[in-house]
**Student:** 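Have a look at this one before I ask anything.
Counting starts at 1 for both ligands and their atoms, in listed order. Note that the structure is predicted; figures quoted are calculated from it, not measured. These values consider heavy atoms only, across backbone and side chains, with no hydrogens, waters or symmetry-generated copies.
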Amino acid sequence: MTTTVTSRVTITGKAKLAGVMGWPIGHSRSPRLHGYWLAQYGIDGAYVPLAVAPDRAEQAIRALPALGFRGCNVTVPLKEIAFRTVDRLDPVARRMGAVNTIVVDEDGALVGGNTDGFGFLENVKAGCPDWSAEQGPAVVVGAGGAARAVVVALLDAGAPEVRLINRTAARAEELAADLGADLDADLGAAGRITVVDWVSRETALDGAALLVNTTTQGMAGHPPLDLRLDALPVSALVNDIVYAPLETPLLAAAKARGNRVVDGIGMLLHQARPGFRAWFGVEPQVTADLTRFVLEG
Ligand code: ATR
């Protein structure tokens, strides 16, 4: 029997190490994503899945420098634990209250960042290059961790208003109060977040330049997001951060009425760029071939 070897593991004893820590971690596409870039750029490095239970996450994060790791990504449900564990926070992670990227500094300190908002913005800009946050009000549906990253990114990018809609109003109020207080202190721009009741969600679309779904609705196995788009201007851009399926019922409905749409896979791909650059020393590119490869996995 002949076997064709199409690829080889090429790491040496000097390989640069990183990974993704979460619980569970088996579903993560990040090892496939970083593995593609490592092979593409011929880097002597490895990016591995790290299945770490929440009660051992602090211990595992603290062990990164001792193990010689250059850092790691952190995913659900460990982002808040990472936030509390790292030695230093970058300003964006501090505002988001969560860390998704840890870099071990030259002195061995753990530096926590959050690139989810960067990934969101880069994805929307790549999908629709003439869009900019300043163009008009953004409507964000959801108030979980993903919504927090999206809202911070939109405000930092100059959105004049963010209308925040969540089924549970108290969660949206809390997010707005947290970010409003930060904005007051940091940017003098409080008041740009408007919390809209769930029952008024459809009228909140009036005059919007962007609509983003950050909820789990529309994901495979979940019902579609319950949101009629009649009041949304046809000029508005619609983005769903769900990427399985790639075309959610929300995006299909938006497309059918003539709105431009951007799907969610690029947020995952772009949020990975800063970590890869910090750990492996190369600025990686997001390409159509990479997107296909990650979606196939
Ligand atoms: P993440 O941190 O990944 O954003 P999350 O914290 O679980 O995830 O948030 C999920 C979001 O989906 C929340 O905004 C949630 O709304 P609630 O705060 O009211 O729970 C939203 N969501 C989940 N199921 C929903 C449903 N059936 N209708 C509307 N929103 C829903």
**Student:** Among all protein non-hydrogen atoms, which one is nearest to atom 12 (O) of ligand 1, and what is the separation to 0.1 Å?
**Tutor:**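 The answer is Thr215 CB, 3.2 Å.
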
**Student:** Look at the side chain of Ser200 and the backbone N and O of Thr203, then say whether any donor-acceptor pair between them is shorter than 3.5 Å.
**Tutor:** no

**Student:** Tell me the closest heavy-atom pair linking Thr85 and Ile81, and the distance in Å.
**Tutor:**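 Scanning both residues, the minimum pair turns out to be OG1-O, 2.7 Å.
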
**Student:** Could you tell me, atom by atom, which parts of ligand 1 come under 4.0 Å of a heavy atom of Trp198?
**Tutor:** 29 (C)

**Student:** Where is the nearest protein heavy atom to atom 19 (O) of ligand 1: which residue, which atom, and how far?
**Tutor:** Thr168 OG1, 2.5 Å

**Student:** Could you check atom 20 (O) of ligand 1 against the protein and tell me its nearest heavy-atom contact, residue, atom and distance included?
**Tutor:** Arg167 NH2, 2.8 Å

**Student:** By number and element, which atoms of ligand 1 are closer than 4.0 Å to a non-hydrogen atom of Gly144?
**Tutor:** 2 (O), 4 (O), 6 (O), 9 (O), 14 (O)

**Student:** Does the pair Glu161/Arg163 count as a salt bridge with the N-to-O cut at 4.0 Å?
**Tutor:**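 Yes, Glu161 and Arg163 are salt-bridged.
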
**Student:** Is the closest N or O pair between Ala143 and ligand 1 shorter than 3.5 Å?
**Tutor:**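 By distance alone, the answer is yes.
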
**Student:** What pair of heavy atoms forms the shortest contact from Asp116 to Ala149, and how long is it?
**Tutor:** CB-CB, 3.7 Å

**Student:** Applying a 4.0 Å heavy-atom criterion (strictly less than), which segment of His222 is in contact with ligand 1: side chain, backbone, both, or neither?
**Tutor:**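 Looking at His222 and ligand 1, no heavy atom falls under 4.0 Å.
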
**Student:** What part of Asn166, side chain, backbone, both or neither, has a heavy atom within less than 4.0 angstrom of ligand 1?
**Tutor:** side chain

**Student:** Would Arg70 and Phe280 count as a cation-pi pair here, with the cationic atom under 6.0 angstrom from the ring centre and within 45° of the axis?
**Tutor:**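 No, Arg70 does not lie over the aromatic ring of Phe280.
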
**Student:** Any chance the rings of His34 and Phe276 have centres within less than 6.0 Å?
**Tutor:**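 That pair passes the under 6.0 Å test.
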
**Student:** So that I can tick it off, tell me whether Asp87 and Arg62 are bridged by a salt bridge, with the cut-off set at under 4.0 angstrom between side-chain N and carboxylate O.
**Tutor:** yes

**Student:** With atom 2 (O) of ligand 1 as the reference point, say which of Gly145, Gly142, Ala149 has the nearest heavy atom.
**Tutor:**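 It is Gly145 whose heavy atom sits nearest to atom 2 (O) of ligand 1.
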
**Student:** Tell me: protein heavy atom nearest atom 23 (C) of ligand 1, and distance?
**Tutor:**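 Minimum-distance protein heavy atom for atom 23 (C) of ligand 1 reads Thr216 OG1, 3.5 Å.
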
**Student:** Heavy atoms only: which of Lys79, Met219, Arg171, Arg148 lies closest to atom 13 (C) of ligand 1?
**Tutor:** Arg171

**Student:** So which heavy atom on Gly97 is nearest to which on Glu80, and how close?
**Tutor:**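 For Gly97 and Glu80, the tightest heavy-atom pair comes out as O-CG, 3.8 Å.
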
